Chemist: 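First the structure, which I've put down as structure tokens, then a few questions once you've had a look.
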There are 2 protein chains.
Amino acid sequence: MKLTERAETLLRTLIELYINQGQPVGSRTLARQARLELSPATIRNVMSDLEEMGLIHAPHTSAGRVPTQQGYRLFVDSLLQIKPLQPSAVEEIEDQLSNETDPQALLGKASELLSQITQFAGVVLIPGQQNAIFRQLEFVGLAPNRVLAILITDDGRVQNRVIPTDRNYEPNELVEAANFFNQTYGGVSLADVRRALLNEMMKDSDEMHLIMKNAVTMAGVLFDREEDIKSEVMLSGEEKLFNVPDLCQLEKLQRLFDTFKTKQDLLDLLDRSLRVTGISIFIGDESGYQALHDCSVVTSPYEADGVLLGTVGVIGPTRMAYEEVIPVVDVTARLLSGALSAPTS
Amino acid sequence: MKLTERAETLLRTLIELYINQGQPVGSRTLARQARLELSPATIRNVMSDLEEMGLIHAPHTSAGRVPTQQGYRLFVDSLLQIKPLQPSAVEEIEDQLSNETDPQALLGKASELLSQITQFAGVVLIPGQQNAIFRQLEFVGLAPNRVLAILITDDGRVQNRVIPTDRNYEPNELVEAANFFNQTYGGVSLADVRRALLNEMMKDSDEMHLIMKNAVTMAGVLFDREEDIKSEVMLSGEEKLFNVPDLCQLEKLQRLFDTFKTKQDLLDLLDRSLRVTGISIFIGDESGYQALHDCSVVTSPYEADGVLLGTVGVIGPTRMAYEEVIPVVDVTARLLSGALSAPTS
DNA sequence: GCTTAGCACTCAGCCCCACGGAGTGCTAAG
DNA sequence: CTTAGCACTCCGTGGGGCTGAGTGCTAAGC
């Protein structure tokens, strides 16, 4: 069931028109716009075919046609002509990103940039640290029976947690414990450290040297919390979606913000796109989440020094200017990768 | 212009009714409800007086009356009878809070709890650290020309930032620099450290010992960023406001979420309430922010070991059950203070 | 002088209807 | 295969009438 060239042209112009205007497109307008020198009646015949194929759809009898999800899918897969981003815009992004040195802040900035440029919501996936390499652990005594543990991984991310202890530790005990731990586990992946720790704690602790025991006990608490290893989603500019005509209905927005809040669905979605190289586009229900019914998600993975790190993307209405959003996401992901890779030269 | 006792009773029942039902209250319903054995006609006369005083207001000729902002104000100031919180509810809050040891996480939890219990938005102000005491600084080499600086203050808060450096530092250089810094500035307030640093950096650096120079340069970058010292707002459960009948209109929610996003207004508002002891209540426009027009904010300060730390609160519709929200905020603030104070016993 | 019954009046909300505009499907002719 | 013409469908809008709720006023009663 292949489309004729004429049908393709008409589908493309119809979708382009609809994306611009947001209103069902009728045969008359389409005839004028497509420059095919055909009468509306002929156009109607073709439209009828397209509708039978499930690519467009009439909201009601006397309205024009609107692309269906499959229509959009075909459009982005084979009809879309992507506009390259203006060099000035690229520079702008590059500038903004190079102002940040802190990786966490950099990702936040990227997400905000995406939101700002597209006027939709920007999103960044920071994937779990299961594969991150343990670099260093520090213990700092805070108060009696309270120790601050600081965990540093190879990618420069830092996590800290206050650990309640069963007794008071002397400063030098803390240093020794940290030293012991760093020497033992330096260079090991977090997941492996976790496993090893669990193992250690199973053993009869009487056998262990006191220092080891201290280190293992405290670090055990630190690594016990799964959430430190879990993935994370950063979302920016959700509030901009209030201004999107296709989404600004209470129930839609409510569903959206609910899923934004729980983040789990977003996480799964972005995680799926992580396994794909290059741009991923989820149109409407393709994501599998009710709340994203009228939304499309455009994502691209980013990396540092060739290692896949996570995903950046944009969440907007299904009716979005894909030819503009796609390059923005693409370029941002690239520049982000660059900023994360280059050891400041 | 004092209210008669009858007028007071009527105003109170009217507001209570309106808070429950959300609809303008007419003279007939009010007569039945107030148990004053008066006819609707008499009630109408009193209502007319109340309207003249600006305490209630009729949305249109043939509707009942609705409290005005001043009406609410009078109500919470002198007519409101606060219900004490059920002991089981108190325990629930205590339980939830005692599960967290990390202060940052604790505040987040408090905010979430407030939102969950009231079904409005919970909010926590973490005020600036100008007065926080510098405890310890650590430098960790990450990559060539990249140093991770970790700043620990006396209240157990930790901040870290990746600092780009102009040259490569040896590990022992970093340790020495940190040691120098810790010895010099330990126990000094952050604001003073910042001042001192600026001073040092003005001096001709040739005079300084190399270690000092290193320390000052790197710490200079760290302290240069105002934001580390700035206040912070944590917001939870904003999305619940979608379900509040009085607020679920697009423009209102949009304005709300916009201010939530920028946070500056919230910050100012909570900061104001910080200077008051005990519960503060901002009704509608009293906050001075357009976006909070139909909202009230109920806040209470919290502390640790007798030192004022910040503010927790609830943001909901002006038409909220104050007699329930107030004790929730109050108790949460108290229990939070307790959890932050007690060194785990 | 306060309270109350009665009455006329006002107004939002709702349903119904008519109408114009936009666009379609079909048919028959070129 | 293309096109002109025509009948038809349906949404959106605006007006008109009705109902229910509640008010303000007035005059009578305690």
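Lettering of chains follows the sequences in order, A, B, ..., and the numbering in each one begins at 1. Note that this is a predicted model, so its numbers are computed, not measured.
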Chemist: Would you say that Val298(B) contacts Phe282(B) through its side chain, given a criterion of any heavy-atom pair below 4.5 Å between the two side chains?
Modeler: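 A side-chain contact under 4.5 Å is absent here.
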Chemist: Taking Glu286(A) as the fixed residue, which of Gln69(A), Arg73(A), Gln70(A) is the one that meets the side chain to side chain donor-acceptor pair (under 3.5 Å) rule?
Modeler: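 It is Arg73(A), the one option of Gln69(A), Arg73(A), Gln70(A) that forms the side chain to side chain donor-acceptor pair (under 3.5 Å) with Glu286(A).
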Chemist: Which part of the nucleic acid, if any, lies within reach of Gln23(B) when heavy atoms closer than 4.0 Å are counted: base, sugar-phosphate only, or nothing?
Modeler: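 The residue Gln23(B) makes no contact with any strand.
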Chemist: Consider side chain to side chain contact (heavy atoms under 4.5 Å, CB included). Of Ile315(B), Val244(B), Leu114(B), which one does Phe120(B) pass it with?
Modeler: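 Passing option: Val244(B).
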Chemist: Which pair of heavy atoms, one from Arg12(A) and one from Leu79(A), lies closest together, and at what distance?
Modeler: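 Scanning both residues completely, I find the closest heavy atoms to be CD-O, 3.5 Å.
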Chemist: When the axes are fitted on five pairs at both termini, how much does the helix from dG1(C)-dC30(D) to dG30(C)-dC1(D) curve, in 10° steps?
Modeler: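 Between the axes fitted at each end of the helix from dG1(C)-dC30(D) to dG30(C)-dC1(D) lies an angle of 20°.
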Chemist: Can you measure Arg32(B) atom CZ to dA21(D) atom P for me and round it to whole angstrom units?
Modeler: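 Roughly 11 Å, once rounded to whole Å.
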Chemist: Output the rounded distance in Å from CG (Asp49(A)) to P (dC1(D)).
Modeler: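 Whole-Å distance recorded here is 11 Å.
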Chemist: Tell me, do Arg272(A) and Val276(A) make a side-chain contact under 4.5 Å, heavy atoms counted?
Modeler: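 Side-chain contact under 4.5 Å: no.
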Chemist: Just checking, is any N or O donor in the side chain of Ser236(B) or Ser115(B) under 3.5 Å from an acceptor N or O on the other one?
Modeler: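 Result is no, nothing qualifies.
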Chemist: Is there a side-chain contact between Leu74(A) and Leu3(A), using heavy atoms and a 4.5 Å cut-off?
Modeler: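 When only atoms from C-beta onward are counted, Leu3(A) and Leu74(A) do touch, with a gap below 4.5 Å.
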Chemist: Within the structure provided, determine whether Arg65(A) and Leu30(A) are in side-chain contact (heavy-atom separation under 4.5 Å).
Modeler: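 Side chain of Arg65(A) against side chain of Leu30(A), heavy atoms only: no contact under 4.5 Å found.
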Chemist: Tell me which residues in residues 10-22 of chain A put a heavy atom below 4.0 Å from DNA chain C, sorted by number, or none.
Modeler: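 By residue number: none to list.
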Chemist: Under a 4.5 Å cut-off applied to non-hydrogen side-chain atoms, are Asp258(A) and Gln254(A) in contact?
Modeler: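 Yes, close enough: below the 4.5 Å cut-off.
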Chemist: Anything under 3.5 Å between a protein N or O and an N or O of nucleotides 20-26 of chain C, put it in a table, one pair a line.
Modeler:
unit_1, atom_1, unit_2, atom_2, d
dG23(C), O4', Ser62(A), O, 3.3
dG23(C), O3', Ala63(A), O, 3.4
dT24(C), OP1, Ser27(A), N, 3.3
dT24(C), OP2, Ser27(A), N, 3.3
dT24(C), OP2, Ser27(A), OG, 2.6
dG25(C), OP1, Arg65(A), NH2, 3.1
dG25(C), N7, Arg44(A), NE, 3.2
dG25(C), O6, Arg44(A), NH2, 3.1

Chemist: Could you tell me if Ser296(A) and Tyr72(A) have a donor-acceptor pair between their side chains, going purely by distance under 3.5 Å?
Modeler: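 Judged by distance alone, the side chains do not pair up.
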